[in-house]
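This report refers to the structure that appears directly beneath it.
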Amino acid sequence: MLNRLKSGRQMKFFCFLCCLVYFASYLTRLNYAACLAEIQRSLGISKSLAGLPVTGCFVTYGIGQLLCGFLGDKFQPRKMIFTGLAATSLCNLLAALFPRMEVIIPLWCLNGFFQSMLWPPLVRIMAEALDEEGYKKCCVQVSVASSAGMIAVYVLAPACIRFSGWQLAFLLPAFLGIASAFVWTISIRKMQADGTNAISALYLEVGNENPVKLSSLVIQASLVPILFAIVLHGILRDGITTWMPAYITDTFGLSTSLSILTTAVLPIFSIFSIMIASSLLQRLKNELLTAALLFACAALSCFILLPVYNTAPTLSVTMMTLITGSMYGINLMLISRVPRHFARFGRVATISGILNASTYIGSSLSTAASGAISDHYGWHATISVWAVTALAGTLILAFSFRKWSLFCGSCDNKPLVNRRFL
């Protein structure tokens, strides 16, 4: 029988460690994008060249999610997380010390891969160390920590640029990241030394049952519709986050700085959205049904936005905030909560990596497609595509949540696989 964390104090400290890791990961990943305009100006380079590190980081992060998801179920989560966080901190440090694009571009590509070493093993160790209620609470806290990290980046970067230079926006996250990596590994190792808790190296007895194949799980759990829904959620979340400043500037004639400032409300509102989505799940007891309702909310917001998109700036920003907030709630359901149901099959990190990689497929589609549609057909057409995307997500999950419910119910009767906490 799995010996999970029982003490409330232990659980709170463990969740704090998980939040610390993910908060540090956002500081060390998003800081380049936050400083992009200043880096372009100070180095005297073109926009396309300045954007290459972001593109490279995105590509290596998405590919790394697949690989590290598989590795996260095979190797020690504690060591993978320490390695990823320490290495990403080193990338930040070197970028600050050698501010040349021929150095920064390969460094930021490596940074994307090292960042992908964090989420899959983190989900695995959360799922195996915490009971269901503890996992729910920890998922919400980690999601809030990611939003807090995003807010911190967009507060820290302008302050560093104003008082010192953009390099400081890399140095400070580097030191915080390496400190967090050591706090993580020392604390988890100390918890391992206590043989009475869930982080101890104990084998679990399961008899002679053969491990379930990944292909079988994909069919049983209706994962294909979930993957499509996650791609759609990535299109909406990152499409609006990326293009909202341009939309506001083009449509209402506001300054670029003010347009960017309005975008800053998105991660702030996402914290409330995550909590609302968690409360909704408590009532509905089904991640896919909850996500379907959130997609429906986003679709309704799109349809409200369409007739007033060029005449009511306050209402437009409000509707876009609601759409993005719904996407953060969906992210909690499909990226954070769904993988835990695969703990009994020893596939938590693998499934987590696959699902998270799907998000970035949607992100890449949204970055290119939303810009191209707005250039050729205008913002009304772009918002119409967003509305259809949200409606498609609603229908996909509405037709899939019953099969998912049956799968989750059958999981409760499955024995735990022969695992070892490391």
Side-chain angles (χ1 to χ4, degrees), residues 18 21-22 25-26 28-29 56-88 109-130 135 138-139 142-143 146 184 188 211-231 233-234 238 287 330-364 404 407 411 416-422:
C18 295
V21 167
Y22 219 53
S25 77
Y26 267 61
T28 51
R29 175 157 53 101
C57 181
F58 166 78
V59 171
T60 55
Y61 184 80
I63 295 173
Q65 284 290 319
L66 298 174
L67 177 60
C68 294
F70 174 78
L71 296 177
D73 283 321
K74 302 295 181 182
F75 297 100
Q76 301 180 18
R78 172 179 63 83
K79 291 184 178 180
M80 278 192 69
I81 292 169
F82 173 81
T83 302
L85 196 51
T88 196
C109 290
L110 288 172
N111 189 31
F113 180 79
F114 292 135
Q115 288 276 339
S116 71
M117 297 176 68
L118 302 176
W119 179 245
L122 191 65
V123 175
R124 174 193 158 187
I125 201 169
M126 285 164 54
E128 295 180 349
L130 300 169
Y135 182 83
C138 197
C139 277
V142 170
S143 297
S146 68
W184 162 265
I188 294 296
V212 179
K213 292 182 178 180
L214 182 60
S215 57
S216 299
L217 286 178
V218 169
I219 297 172
Q220 293 175 32
S222 193
L223 272 182
V224 173
I226 295 175
L227 292 174
F228 276 115
I230 289 174
V231 171
H233 128 276
D238 293 295
E287 290 87 356
I330 292 169
N331 189 82
L332 175 66
M333 295 300 108
L334 303 185
I335 304 297
S336 299
R337 293 296 306 277
V338 163
R340 186 184 186 276
H341 294 283
F342 297 86
R344 294 179 176 272
F345 307 101
R347 296 287 191 177
V348 177
T350 301
I351 297 299
S352 175
I354 293 172
L355 298 181
N356 208 16
S358 300
T359 299
Y360 288 87
I361 294 175
S363 300
S364 62
W404 172 252
F407 171 77
C411 283
L416 290 165
V417 296
N418 191 8
R419 307 282 287 157
R420 184 181 183 181
F421 287 112
L422 298 164

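The basis for the numbers below is simple: all heavy atoms, side chains too, and nothing from hydrogens, waters or symmetry mates.
- Proximity of a side-chain donor or acceptor of Thr60 to a complementary backbone N or O of Cys109 within less than 3.5 Å is detected.
- In terms of heavy-atom proximity, Ala357 sits nearest to Gly62 at CB-O, 3.7 Å.
- Contact between Ile226 and Ala221 at its shortest, heavy atoms only, is CD1-O, 4.0 Å.
- A donor-acceptor pair is defined here as one N or O able to donate and one able to accept, closer than 3.5 Å; no such pair exists between the side chain of Arg29 and the backbone of Gly112.
- In this structure, the separation between CG on Leu214 and CD1 on Ile354 is 5.0 Å, given to the nearest 0.5 Å.
- The ring of Tyr61 has its center closer than 6.0 angstrom to the ring center of Tyr360.
- Looking at Leu67 and Phe113, their side chains come closer than 4.5 Å, going by heavy atoms from C-beta outward.
- Rounded to the nearest 0.5 angstrom, Gln76 CD and Leu71 CG are separated by 13.0 Å.
- Relative to the six-membered ring of Tyr135, Arg340 meets both conditions, a distance below 6.0 Å and an angle of at most 45° to the axis.
- Looking at heavy atoms from C-beta onward, Ile81 lies out of side-chain contact with Met117 at the 4.5 angstrom threshold.
- With rounding to the nearest 0.5 Å, the separation of CG in Leu85 from CH2 in Trp184 is 10.0 Å.
- Between the side chain of Ser352 and the backbone N or O of Ala349, no donor-acceptor pair lies under 3.5 Å.
- Val21 places none of its side-chain heavy atoms less than 4.5 Å from the side chain of Val142.
- Residue Thr350 holds its OG1 atom at 3.5 Å from CG of Asp73, rounded to the nearest 0.5 Å.
- Residues Cys68 and Pro120 approach most closely at O-CB, 3.9 Å, considering heavy atoms.
- The minimum heavy-atom distance linking Cys18 with Leu122 is given by the pair SG-CD1, 3.8 Å.
- Rounded to the nearest 0.5 angstrom, Ser222 OG and Leu217 CG are separated by 12.5 Å.
- Taking the side chain as every heavy atom from C-beta outward, Val338 and Trp404 approach each other to under 4.5 Å.
- Taking 4.5 Å as the limit, every side-chain heavy atom of Leu334 sits out of range of all side-chain heavy atoms of His233.
- Aromatic pair Phe70/Phe75: ring centres not closer than 6.0 Å.
- Nearest approach of Ser146 to Tyr22, heavy atoms of both residues: CB-CD2, 3.7 Å.
- Separation of atoms CG (Leu355) and CH2 (Trp119) is listed at 10.5 Å; rounding is to 0.5 Å.
- Using modelled atom types and a 3.5 Å distance limit, the side chains of Gln65 and Thr359 yield no donor-acceptor pair.
- Scanning both residues, Ala343 and Val348, for their nearest heavy atoms gives CA-CG2, 3.2 Å.
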